[in-house]
Structures are given as C-alpha cells and as structure tokens.
Amino acid sequence: MPAHLTLHDTLTRTDREVTPLDGQTLRFYCCGPTVYGPAHIGNFRTFVAQDVMRRVVEASGTPTLHVRNITDVDDKTIRDSQKAGQSLIDFTQSWTAKFHTDCDALNLLRPHIEPSAVAHIPQQIAMIEKLAAGGHAYAAADGSVYFRVSSFKDYGKLSHLEDRELRLGASEAASATDSDEYTKDSLTDFALWKARKPEDGENFWPSPWGEGRPGWHLECSAMILEYLGEDFDLHSGGVDLIFPHHENEIAQSCCSTHGKFAHHWMHVAHLMVDGGKMSKSIGNLYTLEDLAKRGYSAAEVRYVLISGHYSAPLNFTMHSLDSARQALQKMAKADKALERGSPNPQHSASDSNPPSSSDGDSTLRSPAADSEVRAPGPFSEAWDTLLKDLNVPGALGSIFGTLNKLKPAALNPEEAAATRNGLHFMLQTLGIVLPPVLEEVAADVPPDIQALAQQRWDAKQAKDWATADTLRKQLEAAGWLIKDSKEGFSVVAK
RNA sequence: GGCGAGGUAGCAAAGUGGUAAUGCACUGGUCUGCAAAACCGGUAUGCGCGGGUUCAAUUCCCGCCCUCGCCUCCA
C-alpha cells in the first residue's frame with residue numbers, strides 16, 4: 001500500500017506528503033478544548049478529523065506522538081468556575097473528565113500527552129522572558145506583557161493577512177475603549193501575560209512582571225516547545241484558529257527559539273447545522289448528550305462528522321444521523337455476512353456485545369481488536385482515496401462500492417476472510433465501530449404484544465390469512481412489526 | 001472592504017478535460033399467502049448563472065450571483 005498520507009497545508013496552500021521529520025515518528029499538536037462546559041459536535045468535528053488523520057498515519061506504518069492541550073485558564077473558565085462556586089482546578093477538571101467521556105464515546109484515540117495550561121505556567125513565563133530579551137515583548141504600565149507584532153516580519157504569513165489594513169469594526173471599537181487595550185503600543189499586539197484583575201479572584205500567579213495569568217496563545221507555544229521541541233511535523237485545529245491564534249503561536253515560537261515551528265498546518269472546516277452556523281441563541285449547539293436524548297449513539301454522530309471532507313463545511317441535520325444509522329447497519333450486515341462466510345468464524349463479537357451507545361468504547365465491538373488487520377485487501381481503492389488529503393467521504397463511497405460489487409454472501413471462505421480483514425482495516429482506520437445488527441430478537445416486548453403476535457402466527461399456520469392480517473395491522477398500529485421466517489416469527493419495535 | 005471555503009439529484013456528499021461514486025429517501029422486480037429481510041434494477045442529458053478556450057467542460061479561464069467562515073482570544 002502507498003506509504004504516505006498527503007494533506008493540504010494551509011501555509012503553502014499545497015497538498016504535501018505527511019512524513020516525519022525524524023524519519024520515525026510523526027509528531028503533531030492539536031489545539032484542544034477550553035474546558036468550561038460540554039464540548040459540542042462542532043468542536044468534535046475537528047477532533048474526529050484529527051483522529052482519522054492520526055489513524056491513517058498509523059495504519060500506513062508510522063507511529064505518532066500526539067499532543068493536545070487542555071485550556072484551563074482564560075476568561076471563560078475563570079468566570080464560570082466562579083459562577084459554579086468551584087475552584088478553577090475543580091471546575092476545569094470536572095469538565096475535562098466530561099470531555100474525556102465524550103471522546104471515548106466517539107472512539108477518539110487518546111493523545112499521548114495532554115498538557116494543561118495551568119500546569120505549565122513556568123514554561124510560559126520562561127518563554128516570555130526569552131521574547132522580552134529578544135526585544136519581542138514589552139511590559140505595560142499595569143503589569144501586562146504584550147508581543148510586539150512589528151518585531152516579527154513574517155507575521156501574517158499563515159493567514160495571508162500580511163498586508164491587511166486594520167479596520168476599526170464594532171468589536172475593535174469596543175475593545176479599544178477597554179482600559180486594557182490602551183496599554184498596547186499597537187492594536188495588533190497581543191497579550192502574553194495579563195495583569196491580575198479583581199475579577200480574577202484567586203486565579204493569579206506570580207511573575208517577574210507582577211501577579212497575573214498567561215495569555216491564551218502562549219500556552220500552546222510553551223507546551224509545544226516542552227513536548228515537541230522547536231520544530232515538529234504538523235499542527236492542527238479549526239479554521240477559526242488560523243487567525244489570530246496560530247498566527248500568534250508562530251510569532252511567539254519563532255521569536256523565542258530558532259525553530260521553524262510546525263512544518264505542516266491542517267485546518268478543519270466548521271460544522272453547520274441545518275444550513276446555518278451554530279449558535280447558542282438559535283439553540284442548535286448540540287452536545288453528545290443532547291443527541292443521546294434523541295436516541296442517537298456517539299458512533300452515529302462520529303459517522304456523520306466524518307461523512308464530509310474535513311476541508312469543506314459540513315451540514316449537520318437530524319436526517320444525516322438517520323442516514324448514518326442506516327449506513328452503519330448496512331456495513332454491519334455486510335460484516336456479518338463476511339463473518340459467516342469465513343472459515344473458522346471466531347467468536348461472534350456481535351453476539352457478545354450488547355447494543356449500547358452510552359458505554360465506553362471498551363465494551364463495543366472494535367475492529368481494532370482484531371490482531372491481523374493490516375491491509376486494505378479488496379478495499380485498496382478506498383485506502384488510496386483516504387491517503388489523498390484524507391478523503392473520508394470518497395473512501396466511504398468506495399467501501400460501499402466494493403461491498404456491492406463483491407457480494408459478501410457469495411464469496412468463498414478465503415475471499416470472505418480476506419475481505420473481512422480488509423473491511424476491518426478500513427473501519428479501524430476510520431475509527432468506525434460497527435453497531436450490532438438490528439434483527440430478530442427484541443428483548444422487551446410486552447406480554448400482551450407477544451400474545452397477539454403468537455395468535456397471528458397460529459392463524460397463519462392455520463392459513464387463516466384474514467385473521468393473520470388483521471392481527472398484523474393491530475400490532476402495527478401499536479407500534480410493532482412482525483417479521484416471519486421459516487422457523488417462526490419475531491416482533492420488532494417499529 | 002480584505003482573506004478563505006463552498007454552491008453537484010428530494011436530502012447528504014465524492015469526483016473528473018471525454019460525458020456524473022456512494023449513503024439516506026423514493027421506486028420497479030424476484031422472493032414471500034401478504035409483509036419484512038435479502039437479492040436484481042430505476043431515479044441528475046445534468047453538476048449556481050453568463051461568457052470564453054477546446055474536437056470535447058460539470059471539470060480550465062474571465063465576469064457575475066448566492067451561502068458560510070475569519071478579520072483579536074470561537075473547533
């Protein structure tokens with residue numbers, strides 16, 4: 001199989017091969033969540049795309065070092081922890097735990113390192129000192145420290161805003177009247193260290209410039225230096241982070257080291273809901289919990305999130321979740337047919353795993369559990385498609401196309417086994433966990449329904465079609481479907 | 001105003017200089033007493049609009065319209 005993934009690079013605006021600088025391990029950094037509430041599916045779109053990227057790299061034989069931060073100190077975490085009457089640490093830790101629960105449900109591989117901002121204050125202060133020594137930072141009268149954007153000639157290269165003119169829009173007009181902002185030499189300068197304010201409460205740290213807290217952009221630069229060094233393979237985040245966050249990271253890092261910083265930039269487009277942007281006021285900011293209440297599993301959500309190319313906006317709807325459910329069923333059925341057709345079918349995973357969307361991934365059937373899943377087999381077209389800028393929707397289409405062509409039920413044992421291995425390779429790479437096939441047995445059929453169904457079966461055996469049909473309609477009206485087979489019948493919720 | 005992404009069947013979404021994957025939905029058939037499942041088919045002469053280049057464009061070029069994002073802390 002082809003060796004390397006090709007990914008679009010935001011900086012050079014070209015598709016480039018993703019290969020490790022050190023020839024061994026792909027080291028990459030993802031901007032993580034700010035933990036002041038549950039993450040929504042838009043946030044998760046980015047994390048899922050990054051997860052697929054990592055899985056593809058690993059599936060192609062390259063180990064990874066995945067670092068993703070937890071932002072646990074900023075205006076929102078401080079504000080909301082105070083509202084909740086909790087310490088910042090307690091507050092952010094509980095939301096971090098929730099984040100992890102959601103990540104597990106979505107079958108996201110845990111980053112190898114997940115550093116938090118408050119745990120790296122000294123590293124951040126050290127970086128500011130370096131910047132100040134190099135003439136890139138200056139302290140304002142109130143004790144805040146700013147980065148002098150004019151001191152970095154490459155500022156704006158990533159976002160291609162180098163020759164932009166600052167327009168004084170509404171938000172800027174507002175911030176310009178903020179006393180904080182008056183202390184900056186230039187409107188474009190950004191905070192490295194924010195002086196302590198009364199509303200910060202207990203949340204401040206000592207520094208050479210007085211008490212305060214680090215600016216948001218700084219944590220990523222400092223933690224990248226700590227765990228990945230001066231330059232590393234790839235940096236990723238949502239498109240909205242290109243400016244100013246990533247631009248500022250580049251400025252901080254390049255000016256405080258001699259490194260080249262990230263060699264590749266991957267940005268994930270936003271998720272839209274019902275054709276528009278998500279917003280709290282519209283009430284379309286869904287969390288996994290919201291969707292679980294509507295009966296949708298995290299696996300179904302994941303499928304929807306990967307069903308559009310990461311670089312293009314994706315429209316999320318309830319119908320897309322229904323569609324995902326059916327698509328997963330289709331895959332699961334194909335998998336089952338392949339399993340039946342394979343020689344020495346192993347213990348049927350689908351039999352041993354209860355249908356559950358709320359359990360952690362450990363109890364779900366994961367192709368990752370199969371030991372010899374290493375090659376795409378008949379799905380090489382899908383695999384090749386995936387390697388071209390992570391074309392997941394193209395790969396999914398190819399997988400179905402291949403399944404349609406192969407007719408899983410008609411393969412000989414060897415072909416079935418090989419096909420199943422290939423399918424699992426692809427599923428594992430996409431992080432798709434197949435659901436149990438919805439069939440026959442419905443555990444919680446009420447006794448009266450069961451009795452009616454039995455009557456219908458008896459009538460059918462007596463070839464009393466009229467009675468049988470009447471009873472079937474009666475059951476359907478009550479919300480139950482009858483499915484007959486040669487041996488008997490089953491009742492399924494409509 | 002600047003920068004960026006996108007406009008492909010009812011919905012979603014790939015893709016290509018040579019006439020449109022795939023999933024959902026819908027629909028015809030086989031099978032079934034009838035259904036369900038399964039299997040075999042069908043469903044965009046068309047890819048935002050108008051020009052241009054070309055033997056040939058949805059795919060390249062130009063112009064225009066529309067949607068979305070970013071333009072200081074939002075994945």
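Chain naming here is simple, since letters A, B, ... match the order of the sequence lines and numbering starts at 1 in each. These numbers come from the heavy atoms of this one structure, side chains and all, not from hydrogens, waters or symmetry mates.
- Listed candidates were B:C73, B:A75, B:G6. Nearest to the side chain of A:Pro313 is B:G6.
- A:Asn391 has no side-chain polar atom (N or O) that falls below the 4.0 Å cut-off from OP1 or OP2 of B:A14.
- In this structure, B:A20 forms no base pair with any nucleotide, since neither Watson-Crick nor G-U wobble geometry is met with both distances under 3.5 Å.
- In this structure, the nucleotide among B:C11, B:C71, B:A75 sitting nearest to the side chain of A:Thr34 is B:A75.
- Nearest nucleotide to the side chain of A:Ser323, out of B:C24, B:C73, B:A75: B:C24.
- Within 3.5 Å, a donor on the side chain of A:Asp469 pairs with an acceptor on the base of B:G33, or the reverse.
- Residue A:His270 places its side chain closer to B:A75 than to any other of B:A12, B:A75, B:C24.
- Contact annotation: A:Lys460 side-chain N/O to B:G33 OP1/OP2 distance is not under 4.0 Å.
- Not a single donor-acceptor contact under 3.5 angstrom links the side-chain atoms of A:Lys407 to the base of B:C40.
- Distance CZ (A:Phe243) to P (B:A75): 17 Å, rounded to an integer number of Å.
- With hydrogens and angles ignored, a donor-acceptor pair under 3.5 angstrom links the side chain of A:Arg472 to the base of B:A35.
- No more than 12 heavy atoms of other residues, nucleotides or ligands shown are found within 6.0 angstrom of CD on A:Glu289.
- Counting to the nearest Å, the C1' atom of B:A5 and the CG atom of A:Asn315 are 15 Å from each other.
- Look at A:Lys330 and you'll find a side-chain N or O under 4.0 angstrom from OP1 or OP2 of B:C24.
- Nucleotide B:G4 forms a Watson-Crick or G-U wobble pair with B:C68, both donor-acceptor distances falling under 3.5 Å.
- Pairing for B:A44 is absent, with no Watson-Crick or G-U wobble pair whose two atom distances lie under 3.5 Å.
- Of all non-hydrogen atoms in A:Trp265 and A:Asp9, the two that sit nearest each other are N-OD1, 2.8 Å.
- Nucleotide B:G33 is matched to nothing when pairs are restricted to Watson-Crick or G-U wobble geometry with both distances under 3.5 angstrom.
- Using modelled atom types, one finds no donor on one side chain facing an acceptor on the other under 3.5 Å when comparing A:His264 with A:Asp233.
- Residue A:Lys76 places at least one side-chain N or O closer than 4.0 Å to OP1 or OP2 of B:C74.
- Distance from the side chain of A:Asp484 is smallest for B:C34 among the nucleotides B:A12, B:C34, B:G23.
- For the C1' atoms, the distance from B:C3 to B:C24 is 36 Å, rounded to whole Å.
- Rounded to an integer number of Å, the gap from NZ of A:Lys405 to P of B:A21 is 12 Å.
- Across the C1' atoms, B:A5 and B:A44 are found 25 Å apart, a figure rounded to whole Å.
- As judged by a 4.0 angstrom heavy-atom cut-off over every strand, A:Asn404 is placed among residues touching the sugar-phosphate backbone only.
- The aromatic ring centroids of A:Tyr146 and A:Trp193 lie 6.0 Å or more from each other.
- Listed pair A:Arg13 / B:G4 meets the phosphate criterion, a side-chain N or O lying under 4.0 Å from OP1 or OP2.
- No contact: A:His217 has no heavy atom under 4.0 Å from any strand.
- Side-chain atoms of A:Thr287 and A:His40 include no donor-acceptor pair closer than 3.5 Å.
- The side chain of A:Lys333 lies closest to B:A37, out of B:G4, B:A37, B:A75.
- Nucleotide B:C60 forms a pair with B:G52, judged by Watson-Crick or G-U wobble geometry with both contacts under 3.5 Å.
- The base-pairing partner of B:A14, taking Watson-Crick or G-U wobble contacts with both distances under 3.5 Å, does not exist among the strands shown.
- Taking atom P on both nucleotides, B:C61 is separated from B:G4 by 15 Å, rounded to a whole Å.
- For A:Pro393, the side-chain atoms get nearest to B:A13 when compared with the rest of B:A5, B:C24, B:A13.
- Look at OH on A:Tyr303: it is 16 Å from P on B:A12, rounded to the nearest Å.
- Counting non-hydrogen atoms under 4.0 angstrom, A:Ser320 reaches nothing in the nucleic acid.
- Using a cut-off of 4.0 Å between Lys/Arg side-chain N and Asp/Glu carboxylate O, A:Arg294 and A:Asp290 are scored as not salt-bridged.
- Residue A:Gly42 is in base contact, counting any heavy-atom pair closer than 4.0 Å across all strands shown.
- A distance of 6.0 Å or more separates the ring centres of A:Phe152 and A:His136.
- In this structure, A:His245 reaches neither bases nor backbone, as no heavy-atom distance under 4.0 Å exists between it and the strands shown.
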